[in-house]
Amino acid sequence: MQAKEYQIEAKRTSRINWENKNGPDVAVLGIIGEIGSLASVIKKHQRDGEYYASFEEDFLEESGDVLWYVTTIATRVGLTLDNWPSVGATYADMFAGLYGLHRKIVELTSARDVFVSPRVADAEELKPLIFDILADLQGMLDFRSTSLADIAQSSCDKILSYWCEFSKYPARSFDSKFPWYEQLPRKFTVDFIDIVPGETLIMILNGMQIGDRLTDNSYMEDGYRFHDVFHLAGAVTLGWSPVFRRMIKAKRKSDKQKDEVEDGARAAIIEEAVINHIYDYARPKFLKGMKRVDLDLIKRIQNLVRGYEVQECEPWEWQYCILKSYEMFRLLIEHGGGRLYLNADERSMQFQPLDKEYSEFYR
């Protein structure tokens, strides 16, 4: 990807509010954080050697994050990046490259006040420094036989996959080639009913109870008995939930390997691990008022599901699943149960309180 093209995409994905008095600090702290992350990757590689299996991937990703902030700052001060440096800075090793890059980034961050209200002259003044930083970054990439153009493309793909909004697209259908009775339902309704208010819950799907009776399994009431909503969210926003598939007896038994690997106990354990990971992240307010989740959380989830069909899901799909499931979770806690209308073709979940008489029927 060429520099000018990447700069356009980086600007499109930037959410820095430069007009806010602390807006420039987001850029400054961001690039400081990313050079720190890059240093951590290089440190672990030095310490662990070949045992740091994801070094190559992590190094390129963190380099891409540094590049994004440098490019975003260049855009802010009015500097156009027509081309990447033709030759990278020469260093004896990656450590020397990192130290040189760090010194120049510290110099760039000292221009923080310029970012508040940049003038035309600021672009020319900062141009040599910014191009030196890019040359240093290219010099480090030379040790891994890659280029700024390469990491620009992967950085762009990563950013767009997180920031884009495609929630109205149908959820994935990993089981579309299987018999209907081995497919997750695309449109269905589930009732969450507290048969012992505040204590014990059952779920009703099409008039039939599914799953076990659930409690919070805690010394204090925290609503965890409603956590099956996360399995439902996985089914209708990701097209994936080994646990829900097991609940409704829709395992893909016509394919022995698929049944054992994708729908088996290990896959279900991984799904529960993902949900517990998210649950711990979301406490105590269960993401109320939040419109984004930490990209690092999504990266950890993607590592957990690596090797399974759901690894195809993009970061925005995981983000949407997490936010939507917690929206429903909060409503279920607030109302002590409720009815969910779920539609995988529209990737939607809608809540409706239950009639008192209906709930009493099951108590």
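Note: hydrogens, waters and symmetry copies are ignored here, and every other heavy atom, side chains too, is used.
- In this structure, CG in L297 is found 14.0 Å from CZ in R292, a value given to the nearest 0.5 Å.
- Between F329 and D228 there is no side-chain heavy-atom pair separated by less than 4.5 Å.
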(message) I'd like to know whether D142 forms a side-chain hydrogen bond (donor to acceptor under 3.5 Å, both in side chains) with Q138, so could you lay out the CA-CA distance, the side-chain angles of the two residues, the decisive distance to 0.1 Å, and finally the verdict.
(response) CA-CA 6 Å; D142 286 341; Q138 179 59 67; 2.9 Å; yes
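- With contacts defined as side-chain heavy-atom distances shorter than 4.5 Å, the pair Y326/K288 does not qualify.
- For CZ of R112, the number of neighbouring non-hydrogen atoms (other residues, nucleotides, ligands) closer than 6.0 Å is greater than 12.
- Taking each heavy atom of E182 and K251 in turn, the nearest pair found is CG-O, 3.5 Å.
- With R283 contributing its side chain and Y281 its backbone, the two residues share no donor-acceptor pair below 3.5 Å.
- F59 pairs by the ring-ring contact (aromatic ring centres under 6.0 Å, His included) definition with F55, not counting sequence neighbours.
- With rounding to the nearest 0.5 Å, the separation of NZ in K21 from CD in E19 is 15.0 Å.
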(message) Walk me through whether E107 and K104 qualify under salt bridge (Lys or Arg N to Asp or Glu O under 4.0 Å).
(response) CA-CA 5 Å; E107 186 178 346; K104 289 171 183 148; over 6 Å; no
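- To the nearest 0.5 Å, atoms CZ (R144) and CD1 (I151) are separated by 13.5 Å.
- W84 contributes a side-chain N or O that, together with a main-chain N or O of M1, makes up a donor-acceptor pair within less than 3.5 Å.
- At distances below 3.5 Å, not a single donor-acceptor pair connects side-chain atoms of D191 with backbone N or O atoms of I193.
- Classification of K299 and E61 as a salt-bridged pair holds, one side-chain N sitting under 4.0 Å from a carboxylate O.
- Within the 3.5 Å criterion, the main-chain N or O of M94 finds no donor-acceptor partner in the side chain of Y99.
- Contact detail for I248 and L184: the closest heavy-atom pair is CD1-CD2, 4.4 Å.
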(message) For a side-chain hydrogen bond (donor to acceptor under 3.5 Å, both in side chains) check, start with the C-alpha distance between E271 and S241, then their side-chain angles and the critical distance, and finish with the verdict.
(response) CA-CA 7 Å; E271 183 185 359; S241 176; 2.7 Å; yes
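- Side chains of Q153 and D157: a donor-acceptor N/O pair is present below 3.5 angstrom, by distance only.
- With sequence neighbours left out, the ring-ring contact (aromatic ring centres under 6.0 Å, His included) criterion links F351 to H335.
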(request) List the steps, then state whether side-chain hydrogen bond (donor to acceptor under 3.5 Å, both in side chains) holds for Q352 with Y341. (result) CA-CA 8 Å; Q352 177 182 302; Y341 295 92; 3.2 Å; yes
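- Using a 4.5 Å heavy-atom threshold, the side chains of L287 and R330 count as touching.
- Between F178 and D255, some side-chain heavy-atom pair lies under the 4.5 Å cut-off.
- E309 and R252 are joined by a salt bridge, as a carboxylate oxygen and a charged side-chain nitrogen come within less than 4.0 angstrom of each other.
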Could you go through residues 119-133 and list every donor-acceptor pair under 3.5 Å that involves a side-chain atom there, pairing it with any protein atom two or more places apart or in another chain?
unit_1, atom_1, unit_2, atom_2, d
R119, NH2, D122, OD1, 3.1
D122, OD2, R119, N, 2.6

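- No side-chain heavy atom of L238 sits less than 4.5 Å from a side-chain heavy atom of Y320.
- Between the OG atom in S254 and the NZ atom in K177 there is a gap of 13.0 Å [rounded to 0.5 Å].
- Counting only distance, with no hydrogens or angles, the side chain of R347 and the backbone of P170 share a donor-acceptor pair below 3.5 Å.
- Residues F143 and Y91 place their aromatic rings such that the two centres sit no closer than 6.0 Å.
- Residue F95 is grouped with residue V66 when hydrophobic side chains (ILVMFWY) are merged at heavy-atom distances under 4.5 angstrom, including chains of intermediate members.
- When side chains are defined from C-beta on, D194 counts as touching F226, because their heavy atoms get closer than 4.5 Å.
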For a quick test of your reading: what N or O donor-acceptor pairs under 3.5 Å do the side chains of residues 29-52 make, sequence neighbours left out?
unit_1, atom_1, unit_2, atom_2, d
S37, OG, G33, O, 3.1
Y52, OH, D58, OD2, 2.8

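- With 3.5 Å as the limit, one finds a donor-acceptor pair spanning the side chains of N303 and R306.
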(request) Quick one: do H227 and F230 satisfy side-chain contact (heavy atoms from CB on, under 4.5 Å)? Show the steps, please. (result) CA-CA 6 Å; H227 88 278; F230 304 124; 3.9 Å; yes
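- You'll find the side chain of V305 reaches within 4.5 Å of the side chain of W240, heavy atoms only.
- Checked for salt-bridge contact, D263 and K258 miss the test: no charged N lies under 4.0 Å from a carboxylate O.
- Q7 places a side-chain N or O within donor-acceptor distance of the main-chain N or O of L79, the cut-off being under 3.5 Å.
- Closest approach of F188 and V236 over heavy atoms only: CE2-CG1, 3.7 Å.
- Judged by distance alone, with hydrogens and angles left aside, the side-chain atoms of Q319 form no donor-acceptor pair with the main-chain N or O of P315 at under 3.5 Å.
- For the atom pair L232 CG and T189 OG1, the distance stands at 11.0 Å (nearest 0.5 Å).
- Seen from the ring of F115, R76 does not count as a face-on cation partner, given the 6.0 Å and 45° thresholds.
- Under a 4.0 Å N-O distance rule, the pair E317/R172 qualifies as a salt bridge.
- We find that K324 and E327 are joined by a salt bridge, their nearest charged nitrogen and carboxylate oxygen being less than 4.0 Å apart.
- A27 and I16 make their closest contact through CB-CD1, 4.0 Å (heavy atoms, listed as atom of the first residue, atom of the second, distance).
- Taking the ring-ring contact (aromatic ring centres under 6.0 Å, His included) definition, one finds that Y279 meets it with Y224, F286, sequence neighbours left out.
- Of the possible polar contacts, one joining the T72 side chain to the W68 backbone as a donor-acceptor pair under 3.5 Å is found.
- S348 places no side-chain N or O within donor-acceptor distance of the main-chain N or O of A344, the cut-off being under 3.5 Å.
- Between V243 and R246, some side-chain heavy-atom pair lies under the 4.5 Å cut-off.
- The main-chain N or O of A250 is found under 3.5 Å from a side-chain atom of R245 such that the two form a donor-acceptor pair.
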Can you give the donor-acceptor pairs under 3.5 Å from side chains of residues 195-215 to other protein atoms, not counting sequence neighbours?
unit_1, atom_1, unit_2, atom_2, d
T215, OG1, N217, N, 3.3
T215, OG1, N217, ND2, 3.3

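- The two residues S63 and L137 make their nearest non-hydrogen contact at O-CD2, 3.8 Å.
- Under the 4.5 Å side-chain contact rule for hydrophobic residues, L332 and M290 share a cluster.
- Scanning both residues, G64 and S155, for their nearest heavy atoms gives O-OG, 3.5 Å.
- For the atom pair CD1 (I322) and OG1 (T237), the distance works out to 9.0 Å, reported to the nearest 0.5 Å.
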